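To start, the structure itself, in structure tokens.
Index from 1, following the sequence. Because the structure is predicted, anything quoted here is derived from the model rather than measured.
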Amino acid sequence: MAAAADHGPGAAIRLLQRALSCLGPLKAAGPERLEIRVRVLISLAAAEAEVLSQEDGFARLDEAERVRLSLPEGETRRLLRFTVVLQRAVVLMRIGRLEEALALYDAVLPSLADEVEDHSLLLTRNMMNRAWLHLQMTNPDGAYQDLSGALDIAVKYGHRRLEGKIRHNLGDHAQLLGDIPEALRHYEQAASIFVTDGPGSLPLVRLDQAKALLTAGLAEEAARHLDEAIPELRDNGAHHLVAEAEVARAGAAILEGDHVLAKKLATSARRSFLRRGNGRWAEIAELTRLRADAVKVLADREKKPSAKLPERLADLAIRLAGLGLRDEAGAARMFAVRLLIRREETVAAQELLAQVPKPRQTTPIDHRMQLRLCRAELAVASHRPRSALAQARAGLAELGQIRDRMGGLDLVCGTAAHGEELGKLALTLVLKKARRSGAGAKSLFAWFERTRAQVYRYEPLPVIEDPALARHINEMRHVQGTIQARRLSGEPVGKLEERYDRLQREATRLGWYTSQWGRPRPVSAPEEVVERLGDRVLVSLMGYRDTLYAVVVDRGRFRLLKLGPLAEIVETARQLHADLDALAPDNLPAPLVEVVTGSARRRADKLDKLISASLAKTLENRELIIVPIGSLYALPWGALPSLHGHPVSIAPSATAWVTASGRRSSGPVLLAGGPGVPGSVGEVRNLRTVYPQARLVDGKDATSDAVLSALDGSGMAHLVAHGAHEPANALFSRLELVDGPLYAHETARLAKPPERVVLAACELAMSHIRPGEEALGFAGTLLASGSRTVIGAIARVGDKAAAAAMSDLHRRLASGTAPALALAEATAADPLRRPFLCLGAG
């Protein structure tokens with residue numbers, strides 16, 4: 001029974017069958033053995049229904065009822081009747097016969113509630129089961145009522161494992177209502193209980209965490225959770241849950257663009273559900289399979305879909321509706337609608353769209369965005385662009401409201417995935433108009449601001465300390481330090497790296513719901529941007545199909561420029577970045593330096609002709625602010641000939657730049673030097689000649705706590721230390737200090753972030769780009785947290801080159817030169833070996 005309760009039905013069947021054998025023949029059994037036999041059969045029914053089939057489960061329950069009736073009249077026989085009926089409800093529930101299951105619960109639970117002192121365990125367990133049933137039937141109020149009641153009883157009577165399961169279900173309840181941070185908080189509470197009181201349940205918690213992450217648009221993180229959970233579920237013999245996890249993993253694969261994997265997983269899950277007689281879940285798996293096909297077809301704008309796919313989706317929608325799966329039926333119809341529109345069958349699409357019900361409180365955000373997208377695409381097909389833009393505007397506003405409720409930076413970033421197609425549709429429509437007029441360029445600029453880098457438009461809220469998160473990060477720092485020490489001494493570090501990865505995953509999970517990230521600010525209107533720019537020039541880039549475009553904002557005028565071929569620009573930028581990395585080491589042989597420098601110059605010249613030469617024509621000496629597209633975030637703009645020595649600032653959006661430019665704070669200068677960088681101590685001490693009053697933290701004093709504390713409230717911070725950008729989890733990009741890493745995650749919790757930060761370390765201006773041009777990394781986290789300017793490198797930098805550039809930079813900053821100009825002048829002497837960028841407001 002313990003194995004079954006801990007989600008190990010395979011082991012449970014073996015043990016329960018042995019128990020039946022030990023009980024001997026039925027005819028010779030007395031009341032005590034008969035009671036045990038009934039209980040064994042009841043548990044066996046649930047396990048066999050899970051692993052074998054519903055028929056096997058019901059057969060065991062029929063047998064249990066026959067044995068129960070052979071017991072003498074009395075309390076035991078009466079109580080076992082409840083148990084047999086409630087287990088039948090569980091089997092019905094698991095195979096999707098929800099109404100029948102609910103009727104059984106409603107018939108039995110009131111009697112148990114009257115005798116809670118005697119039956120607290122049975123009552124708690126089945127109130128929890130009925131709550132799960134309510135969740136499946138999209139009745140959140142009923143579910144919450146049962147879960148709250150069950151939690152009170154579980155805590156009062158000390159049913160610890162059930163408490164974990166109830167908290168798990170409270171997570172499901174919050175997820176149904178779209179409250180993802182709250183869902184993740186409940187899941188983590190449940191997981192902390194299961195670590196000691198039910199480890200077999202941990203994979204199921206991970207499965208539901210992954211579903212919540214998918215809702216938040218975090219496909220990579222969801223996939224990692226599921227890849228860990230599926231083998232453990234399989235080991236437990238939990239075949240239904242394995243199939244359910246495969247459906248979720250297929251959903252993550254679709255978001256990641258891996259349609260082949262998505263189809264394979266959904267097909268496998270469907271077969272598994274059909275084998276077990278679960279038609280309801282088999283149809284959900286079928287929807288995932290067809291969705292993978294539809295998304296793949298819709299992604300190819302040149303391809304006309306076959307007639308067969310929308311027909312299959314429409315037929316599936318009817319079957320899903322018949323099973324009570326309202327949202328899923330709507331999703332199937334919406335994909336069919338989009339395919340019909342692509343086939344230019346707009347009348348049929350309109351008729352089908354009319355069958356999609358209006359969203360309810362519990363309708364997932366991706367379904368809401370699909371509905372907006374269907375309406376917008378239909379409007380485009382009917383030559384009603386204004387109506388299409390109205391749908392896009394309303395959808396993105398709705399998405400913004402969901403984003404405002406998210407917790408950590410990761411969740412705020414991730415939600416953009418759901419609005420990506422709607423944003424692209426709007427930008428495409430407005431781009432067509434912008435090609436014809438300056439007014440169109442202004443409108444296009446306004447749409448850029450609605451669709452990109454929304455994470456930077458939040459005013460961070462006061463810090464709410466989370467001791468558990470702080471403990472995890474401290475342990476990560478200690479483990480990372482040990483790994484480095486052992487590497488230097490040639491000792492193996494495999495197990496330590498596994499421990500580090502596990503701690504990072506746990507810290508990431510804690511970071512999702514610690515506290516709400518920030519208070520939303522409105523997107524800056526074009527007029528506000530113009531007023532704040534003054535004499536500066538702002539360029540917002542956009543990739544459309546095979547071309548790079550730019551909207552230029554210059555002295556109140558908005559104009560659209562067509563630049564070069566997008567793919568060629570992106571590939572050349574990637575090659576230039578590789579050249580700069582190769583050129584970084586201080587002591588390269590001269591012939592190698594000559595060859596790599598020649599290659600880098602040719603690529604820089606090429607990019608200059610394709611991008612910046614036309615931008616620079618009217619710049620004169622005015623500052624240029626560039627809002628790049630994701631693939632050009634790591635472009636060393638100062639290396640392009642037209643921009644040598646020219647002040648350039650890089651901003652995630654015009655709104656982010658307006659916000660950063662409005663920040664002013666005063667505070668002391670901090671000079672900090674980490675270990676392992678030749679000359680770092682000398683570099684920061686030399687800078688004392690530029691900043692005599694600066695606070696110096698270096699050598700053995702440069703611990704993560706000391707540097708973090710000194711950063712809080714500083715006016716300018718110069719940090720010399722090795723750094724590492726973490727593409728898979730940008731919030732764990734790090735600066736290496738004497739006691740281990742200082743993580744970007746920690747800088748996001750500063751009460752008063754430094755106004756200006758100079759990162760004299762490798763790669764810390766790099767960003768991980770998520771859908772919606774949501775860029776996050778060490779520098780990005782500082783900007784999102786409230787820093788005005790961050791100067792950092794987007795490629796490897798040699799120690800000597802970095803020291804020379806920093807010395808030049810600070811002399812200029814200390815004399816009052818603005819950061820963007822100071823950096824431009826400091827890097828102009830050797831731009832290929834000084835690949836620093838000024839991020840934020842320069």
Side-chain angles (χ1 to χ4, degrees), residues 372 388-404 412-413 415-434 438-459 518-534 536-544 548-554 556-561 624-630 632-633 649-663 767 769-776 780 783-784 839-841:
R372 293 284 183 190
L389 288 175
Q391 288 295 333
R393 190 179 293 109
L396 293 173
E398 201 172 356
L399 186 62
Q401 290 167 4
I402 299 288
R403 183 187 290 112
D404 294 347
V412 176
C413 269
T415 47
H418 297 309
E420 192 175 18
E421 285 192 271
L422 204 54
K424 282 182 180 174
L425 180 144
L427 288 173
T428 300
L429 285 175
V430 184
L431 177 62
K432 290 177 182 173
K433 184 179 176 186
K442 183 177 177 182
S443 177
L444 181 60
F445 178 82
W447 275 98
F448 281 166
E449 292 305 301
R450 285 194 190 98
T451 57
R452 65 176 18 162
Q454 297 296 299
V455 73
Y456 290 93
R457 68 173 183 85
Y458 287 81
E459 188 69 47
R519 187 180 299 109
R521 288 185 292 247
V523 170
S524 294
E527 293 77 12
E528 183 185 7
V529 176
V530 166
E531 183 181 352
R532 190 63 67 87
L533 279 174
R536 303 178 186 91
V537 178
L538 186 143
V539 171
S540 198
L541 299 177
M542 172 193 179
Y544 177 67
L548 183 67
Y549 290 88
V551 172
V552 181
V553 188
D554 185 358
R557 290 181 59 239
F558 292 78
R559 61 193 168 97
L560 179 69
L561 285 182
L624 174 64
I625 296 123
I626 297 175
V627 179
I629 58 172
L632 298 182
Y633 259 88
S649 297
I650 305 299
S653 67
T655 301
W657 179 84
V658 168
T659 303
S661 67
R663 291 173 181 147
S767 294
I769 312 296
R770 286 209 165 111
E773 306 291 355
E774 298 286 1
L776 209 54
L783 289 176
L839 306 170

Fill in the blank from the handout: For P522 and T655 the tightest heavy-atom approach is O-CG2, 4.0 Å

Handout entry: Heavy-atom pair of closest approach, residues S649 and G840
Key = CB-O, 3.6 Å

Practice task
First locate atom CG of D404, then atom CZ of R519, and finally report the distance between them rounded to the nearest 0.5 Å.
Solution key: 11.5 Å

Exercise for the section: Carefully, step by step, assess H418 and R403 under the rule side-chain contact (heavy atoms from CB on, under 4.5 Å). Expected result: CA-CA 11 Å; H418 297 309; R403 183 187 290 112; over 6 Å; no

Problem - Any I626 side-chain heavy atom under 4.5 Å of L624 side chain - result: yes

Problem - Within 6.0 angstrom of R557 CZ, more than 12 heavy atoms from elsewhere - result: no

Completion exercise
In this structure, CG of L399 is separated from OG1 of T451 (nearest 0.5 Å) by 11.5 Å

Handout entry: Charged N-O contact under 4.0 Å between E398 and R393
Key = no

Completion exercise
Nearest heavy-atom contact between S653 and E449 is CB-OE1, 3.5 Å

Exercise for the section: Would you check if P652 and Y633 make a side-chain contact, meaning some heavy-atom pair closer than 4.5 Å? Expected result: yes

Exercise for the section: Determine the minimum heavy-atom distance between L541 and P628, stating which atoms define it. Expected result: CD1-CA, 4.0 Å

Practice task
Taking the side chain as every heavy atom from C-beta outward, state whether L632 and L548 have any atom pair closer than 4.5 Å.
Solution key: yes

Exercise for the section: Please tell me if the side chains of L425 and E421 come closer than 4.5 Å, counting only heavy atoms from C-beta onward. Expected result: no

Problem - Atom pair OH/CG of Y456 and L783 - distance to nearest 0.5 Å - result: 6.0 Å

Handout entry: Atom pair CD (E420) and CZ (R452), whose distance is rounded to the nearest 0.5 Å
Key = 12.5 Å

Exercise for the section: Let me see the working for V551 and M542 under side-chain contact (heavy atoms from CB on, under 4.5 Å), right down to the final yes or no. Expected result: CA-CA 8 Å; V551 172; M542 172 193 179; over 6 Å; no

Exercise for the section: Quick one: pull up OG in S540 and CG in L560 and give me the separation to the nearest 0.5 Å. Expected result: 11.0 Å

Exercise for the section: Would you give the length of the straight line joining atom CG of L422 to atom CZ of R450, rounded to the nearest 0.5 angstrom? Expected result: 11.5 Å

Handout entry: Contact check, side chains of V539 and V627, non-hydrogen atoms, under 4.5 Å
Key = no

Exercise for the section: Verify side-chain contact (heavy atoms from CB on, under 4.5 Å) between V537 and I625, making sure each step is shown before the conclusion. Expected result: CA-CA 6 Å; V537 178; I625 296 123; over 6 Å; no

Handout entry: Worked check of side-chain contact (heavy atoms from CB on, under 4.5 Å) between L561 and Y549
Key = CA-CA 6 Å; L561 285 182; Y549 290 88; over 6 Å; no

Exercise for the section: Could you tell me whether the side chain of L533 reaches within less than 4.5 Å of the side chain of W657, counting heavy atoms only? Expected result: yes

Handout entry: Heavy-atom pair of closest approach, residues L538 and A654
Key = CD1-CB, 4.0 Å

Practice task
Would you check if W447 and L431 make a side-chain contact, meaning some heavy-atom pair closer than 4.5 Å?
Solution key: no

Handout entry: Nearest atoms (heavy-atom pairs only) where G543 meets I629
Key = N-CG2, 3.9 Å

Handout entry: Note, V553 side chain near F445 side chain (heavy atom, < 4.5 Å)
Key = yes

